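For reference, the structure discussed in these notes is given below.
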Amino acid sequence: MAEALGNQIKQSKARLVLSLIFILIIGIISNYIYVLAVYVGPLSEFRGWSANSIVLAYSMAMFVGIPVFMIGQVVSNKFGMKRTLVASGVIYGLAILLSGLVENVWLFVACQGVIGSIGMYGILICTIQIVNVLFPTRKGLVIGLLYGSQAAGAAALAPIATVFIAHFNVSLALILQGALFTVILFVCCALILDPTKDGVSAEEAEEEVDLNRPSMTWRHMLKHPGFYLMCLSIFSIQMIGNVLIADAAYLAEGVYQATPAQSAYGVSLFSLAGGVGGVVVGFASDKIGPYKTTAILGVLDGILLAVLAVVGAESFTVFLVILTIQGFTYNGITTLNPVMSTDAFGQKDLGICIGFMSVSTMAVGFAGPQLGLSVPFVPMVAICAVLSIIGGVLVVFAKNTFNSYYRKIGSNVVLK
């Protein structure tokens with residue numbers, strides 16, 4: 001069995017490259033919930049639904065993630081990550097298709113916000129698992145490319161959706177795109193290399209790639225201080241990113257009296273820098289380690305944020321520089337979260353561990369926008385700068401406590 005698995009993992013570069021291409025295509029398509037804004041007006045007009053009811057689909061999607069990560073891991077362990085990925089892709093595409101057929105807004109919310117999100121998060125956790133096995137020495141770069149493809153997909157699919165809506169009614173646009181996504185995702189998910197072929201479990205697959213994988217389970221994780229240090233670090237270090245991802249346009253127009261076009265330009269800079277940041281930071285983490293990379297980013301980002309705010313708080317140009325730097329670091333650090341998890345926890349419990357850690361992501365996703373709206377700009381930036389530095393330091397403590405645990409159990413794993 002080990003020999004068969006070794007042949008399976010050590011595939012030709014051509015097959016690995018094809019798998020990477022399929023992973024990126026999946027990433028482009030699987031973030032369609034972020035295109036919901038395009039549909040709000042047309043759906044409201046076509047169906048007579050209130051805009052507030054329609055956007056509940058997005059809110060539901062944010063809450064579905066944590067249980068799906070946890071349950072998805074159990075399903076993946078039982079049926080295999082490849083089969084679970086294929087099923088998630090089909091569920092995702094069909095949910096979009098069904099959302100175009102329903103005539104009740106609550107059924108629409110269920111299709112897009114619940115069923116579609118089950119597929120979306122199922123795709124994400126299975127993709128991370130597969131990347132962890134197929135690209136063990138390049139997983140930071142590949143996950144960075146995956147997150148970059150998701151950002152590019154959200155940007156590209158919005159105008160495509162607009163074209164569909166212009167040529168068909170909004171209901172038929174959803175049906176056609178859902179059908180198209182179902183076919184594309186089924187093909188791409190089915191053609192990705194299967195790390196657990198021939199009945200080999202996810203744990204055995206991981207062990208074949210690296211015999212020194214850690215053995216911390218989710219139960220151990222909840223008892224270990226490293227987990228809570230990581231959660232605090234994520235909350236602290238991502239505060240400024242969550243402020244800007246929600247409030248950038250509001251701050252540009254409210255603080256600097258920017259025009260809507262200028263504020264849109266700033267938001268675009270944040271997004272474009274985010275796509276680059278995921279790839280560059282992911283690549284760097286493969287060289288020096290995800291924990292060290294996160295710590296350096298957190299500390300340097302906090303220092304730069306403080307300096308820029310003090311030196312050029314009155315300048316809209318400096319604000320654009322802040323947006324660019326924060327887009328780069330925010331998506332870079334977001335990319336490193338699953339990379340750090342794949343280093344710290346075993347494949348069998350990866351989704352459950354990420355699910356628990358997502359609580360801190362949800363918390364900062366709520367707190368960040370509120371901070372940006374309720375505190376004057378310069379004090380808000382100062383708070384975020386301090387939090388970013390604290391977050392960078394906490395990552396180092398988390399890494400050290402994890403390494404202490406592995407030494408204690410006799411493992412020669414060293415997190416970097």
Side-chain angles (χ1 to χ4, degrees), residues 66 69-70 73 77 125 128-129 131-133 135-144 202-203 205-207 209-238 281-301 332-364 387-416:
I66 293 175
F69 278 135
M70 297 178 180
Q73 183 67 67
N77 290 341
I125 185 57
I128 292 173
Q129 288 179 308
V131 168
N132 191 37
V133 178
F135 306 95
T137 61
R138 292 289 183 269
K139 60 187 175 185
L141 173 60
V142 175
I143 292 177
E203 285 181 300
E206 188 181 64
E207 289 170 3
V209 175
D210 184 352
L211 296 177
N212 296 322
R213 297 304 301 157
S215 59
M216 184 180 285
T217 66
W218 68 268
R219 292 181 179 85
H220 286 121
M221 181 194 75
L222 291 178
K223 299 176 184 177
H224 196 273
F227 163 69
Y228 299 98
L229 288 169
M230 281 296 298
C231 288
L232 288 173
S233 170
I234 290 171
F235 183 87
S236 301
I237 208 168
Q238 292 189 355
V281 172
F283 176 79
S285 75
D286 290 330
K287 300 298 182 182
I288 66 175
Y291 289 84
K292 185 180 293 185
T293 306
T294 301
I296 292 171
L297 278 177
V299 173
L300 288 181
D301 192 39
I333 291 169
T334 302
T335 298
L336 293 181
N337 288 343
V339 181
M340 288 189 287
S341 295
T342 59
D343 277 2
F345 311 116
Q347 187 88 332
K348 181 180 177 182
D349 292 289
L350 182 59
I352 299 174
C353 294
I354 291 177
F356 278 117
M357 283 196 170
S358 296
V359 174
S360 60
T361 305
M362 286 185 60
V364 72
L387 286 174
S388 183
I389 294 171
I390 291 173
V393 173
L394 288 175
V395 169
V396 177
F397 283 111
K399 179 193 70 172
N400 291 341
T401 57
F402 283 134
N403 283 334
S404 175
Y405 167 80
Y406 295 127
R407 286 194 301 269
K408 185 177 179 180
I409 65 174
S411 171
N412 56 1
V413 171
V414 177
L415 303 184
K416 297 179 180 179

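Just so you know, these numbers use all the heavy atoms, side chains as well, and skip hydrogens, waters and symmetry mates. Quantities reported herein were computed from a predicted structural model and do not represent experimental measurements.
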Please tabulate, for side-chain N and O atoms in residues 227-235, each donor-acceptor pair with protein atoms closer than 3.5 Å (sequence neighbours left out).
from   : atom 1 : to     : atom 2 : distance (Å)
Tyr228 : OH     : Leu222 : O      : 2.6
Ser233 : OG     : Gly391 : O      : 2.9

**Asked** Do Thr335 and Val281 have side chains that get closer than 4.5 Å, going by heavy atoms?
**Response** no
**Which residues share a side-chain contact (heavy atoms from CB on, under 4.5 Å) with Lys287, sequence neighbours left out** = Arg138, Phe283
**Item:** Minimal non-hydrogen separation, Ser236 against Ile390, with atom names
**Value:** OG-CG2, 4.5 Å
**Asked** Between the side chain of Tyr291 and the main-chain N/O of Met340, is any donor-acceptor distance below 3.5 Å?
**Response** yes
**Message:** According to ring-ring contact (aromatic ring centres under 6.0 Å, His included), who are the partners of Phe356, at least two apart in sequence or on a separate chain?
**Reply:** Trp218
**Item:** Spatial distance of atom OG (Ser360) from atom CD1 (Ile237) [nearest 0.5 Å]
**Value:** 11.5 Å
**Approximate separation, where rounding is to 0.5 Å, of Gln238 CD and Asp301 CG** = 11.0 Å
**Item:** Under the ring-ring contact (aromatic ring centres under 6.0 Å, His included) test, residues paired with Phe402 that sit two or more places apart
**Value:** His224, Phe345
**Prompt:** NZ of Lys416 to CG of Asn403: how many Å apart, nearest 0.5 Å?
**Reply:** 10.5 Å
**Message:** Please check: side-chain N/O of Ser388 versus main-chain N/O of Gly298, any donor-acceptor pairing under 3.5 Å?
**Reply:** yes
**For Val396, side-chain contact (heavy atoms from CB on, under 4.5 Å) partners two or more places apart** = Ala295, Asn400
**Request:** For residues Tyr406 and Leu415, determine if any side-chain heavy atom of one lies less than 4.5 Å from a side-chain heavy atom of the other.
**Result:** yes
**Asked** Closest approach of Gly282 and Ser285, non-hydrogen atoms and distance?
**Response** O-OG, 2.7 Å
**Within-4.5 Å side-chain heavy-atom neighbours: Ile296 and Ile288** = yes
**Request:** For residues Val299 and Ile389, report the shortest heavy-atom separation together with the two atoms involved.
**Result:** O-CG1, 3.8 Å
